[in-house]
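Report on one structure; see the data block that follows.
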Amino acid sequence: MERLVIRGGVPLKGRIHVSGAKNAVLKLMCASLLSHEPCCIRNVPRIKDVATMCDVLRSLGARVDWRGSSLWIEVPDKLDYTAPHELIKSMRASIQVMGPLLVRLGKVRVSLPGGCAIGDRPIDMHLRGLRALGARVWEDQGYIYAQGERLRGAEIHLDYPSVGATENLMMAAALAKGKTTIQNAAMEPEIIESQEFLNKMGARIRGAGTNKIEIEGVEELGGADYQVIPDRVEAGSYMLAAAMTGGDLTIEGAVADHLGAVIHKLLEAGVELECLDRETIRVRGTGLIRPFHLRTRPYPGFPTDLQPQFVALATIARGISIITEEIYNNRLKHVAELRRMGADIVVEGQTAIIRGVGRLSGAVVSVPDLRAGAALVLAGLAADGETVVEDVGHIDRGYEGIEGKLAAVGAQIRREGIEERAC
Ligand code: EPZ
């Protein structure tokens, strides 16, 4: 188990480079299962979730090799139809192999993903969509089975714009017979990445980025060579690092088009922003953070993956902020840890009411989940004294080299290994 030791109060200054988007890369890796030719995905972050997905693909029989910051994926004709239970349990995104395996092999078995640290995360919309495409889907002893020799296109209406369900069904429909329409589709930038990658493989998909996606099934898909967009959640996290330390950071890979709601909220909070070009934003903290209200929403609404980090920002605002988590039913675990640092936060249901304090104080805090971990690092950077952020493995799931990137712009931060206590 490793930890980060941070001495806060240092205004961060300089340039930070944002890595490739975790929540796009993981899906493109799954989409490569549809191809009979090699695929190359570029700008891939070296993070734990990507390593887990490499293991999932290898466990199915695919060959996955790193070449610098690219992944080279070759999928044999003989693929296994089931991914190991322990891998699916460790990362929910693994269920994105269902669509590709079902449509390529005619069957798939995955273990039912449990809830995770941020709440119940059922996959009913994924399964209803696969049934609409003609698959037989059933559950047995904690596993989900789906079978269907030749999926056929269908009109699918999602009850909620689920990112994962949209992507899983796009991949299944790409090789189904006939036309599929997904209504009330998710509109995240990562959905557009899936469409562009699949179309490079020979798929015929249009409408990604809108709430209606149309897929004309084709007979087979080839390889693709694709450069992934920067990670908008990582970008937003580092924009907050400038705001919370009163620093001046230029974030390379902050795509303004992907960060509309975040930019709007930062301006409302009094942070100075300057878009230097399409993918670079300069952020200056003024020392005064105005309180704000926000509620998380599907894209283009405010992203839930930056909610914990904005709670951290609100802890040092000049007034009372109100933040409501609308996507997940248990994504406020960072509040208890922030309170240990002197934050004044009251939680009512899924709403955090945050009364800003002048300064946070360093403390030993424990990371409950990936984005809460980022929030605690940000709080440590802004706090007086030393903060020890334990269980850093959660953060390493989604942030490539976080301490190196922050130290390069002046943060006093180091990683320490902790010998596992002999039990
Ligand atoms: C993706 O998760 C992201 N993960 C999440 O990022 C992100 O928070 C989420 O989209 C929303 O933007 C990846 O892309 C790997 P959903 P996903 O399906 O696809 C409910 C991070 O920190 N739901 O849009 O699982 C679900 O329980 C992670 O990088 C159903 O009820 O999100 C949740 O409450 C965390 N039934 C809501 O919808 C379903 O069949 C949003 O889920 C599917 C989802």
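As a basis for the values below, the full set of heavy atoms in this structure was taken, side chains included, without hydrogen atoms, waters or symmetry mates. Small disclaimer: the values here were computed from a predicted structure and weren't measured. For ligands, and for the atoms within them, numbers begin at 1 and follow the listed sequence.
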For [atom], what is the closest protein heavy atom, and at what distance to 0.1 Å?
| atom | value |
| --- | --- |
| atom 34 (O) of ligand 1 | I327 O, 2.6 Å |
| atom 22 (O) of ligand 1 | R371 NE, 2.9 Å |
| atom 24 (O) of ligand 1 | V163 N, 2.9 Å |
| atom 20 (C) of ligand 1 | M125 CE, 4.6 Å |
| atom 14 (O) of ligand 1 | K27 NZ, 2.7 Å |
| atom 17 (P) of ligand 1 | R121 NH2, 3.7 Å |
| atom 32 (O) of ligand 1 | Y328 OH, 3.8 Å |
| atom 3 (C) of ligand 1 | N23 ND2, 3.6 Å |

Does an N or O from [X], backbone or side chain, lie closer than 3.5 Å to an N or O of ligand 1?
| X | value |
| --- | --- |
| I118 | no |
| L26 | no |
| R92 | yes |
| Q96 | no |
| L370 | no |

Inset, instruction - From atom 6 (O) of ligand 1, work out which of D305, L306, V25 has a heavy atom at the shortest distance. - result: D305
Inset, instruction - Run down the list I95, D124, L158, I123 and name the one with the heavy atom closest to atom 36 (N) of ligand 1. - result: D124
Quick check for you: to the nearest 0.5 Å, what is the distance between [X] atom [atom1] and [Y] atom [atom2]?
| X | Y | atom1 | atom2 | value |
| --- | --- | --- | --- | --- |
| I191 | N211 | CD1 | CG | 12.0 Å |
| I47 | M53 | CD1 | CE | 10.5 Å |
| R415 | E403 | CZ | CD | 4.0 Å |
| L169 | T180 | CG | OG1 | 8.5 Å |

If you count the atoms of ligand 1 from 1 in the order shown, which ones are under 4.0 Å from a heavy atom of [X]?
| X | answer |
| --- | --- |
| K22 | 21 (C), 29 (O) |
| G164 | 18 (O), 19 (O) |
| R331 | 8 (O), 22 (O), 35 (C) |
| H126 | 40 (O) |
| A93 | 15 (C) |

Go through the side-chain N and O atoms of [X] and [Y] and say whether any donor and acceptor fall under 3.5 Å apart.
| X | Y | answer |
| --- | --- | --- |
| R371 | Y399 | yes |
| E325 | T304 | yes |
| R128 | H157 | no |
| Q350 | E326 | no |
| D231 | S19 | no |

Inset, instruction - Please confirm whether P122 comes under 4.0 Å of ligand 1, counting heavy atoms of the residue only. - result: yes
Inset, instruction - Answer yes or no for atom 41 (C) of ligand 1: protein heavy atom present at a distance under 4.0 Å? - result: yes
Inset, instruction - Give a yes or no on whether R58 atom CZ has more than 12 heavy-atom contacts from other residues, nucleotides or ligands under 6.0 Å away. - result: yes
Residue part near ligand 1, for [X], under 4.0 Å between non-hydrogen atoms:
| X | value |
| --- | --- |
| R297 | neither |
| Y160 | side chain |
| T304 | side chain |
| S162 | both |
| V233 | neither |

Inset, instruction - Anything under 30° is parallel, anything over 60° is perpendicular, the rest tilted; go ahead and classify Y226 against F197. - result: perpendicular
Inset, instruction - Check whether any side-chain N or O of S111 sits under 3.5 Å from a backbone N or O of Y143 as a donor-acceptor pair, and report yes or no. - result: no
Inset, instruction - Look only at the side chain of K265 and the backbone of G260, and say whether a donor-acceptor pair between them is shorter than 3.5 Å. - result: no
Inset, instruction - For the pair R131 and D124, find out whether any cationic side-chain nitrogen is under 4.0 Å from an anionic carboxylate oxygen. - result: no
Inset, instruction - Not counting sequence neighbours, which residues clear ring-ring contact (aromatic ring centres under 6.0 Å, His included) with F302? List them please. - result: F310
Legend entry - Flag side-chain contact, heavy atom, 4.5 Å: F292 against L313: yes
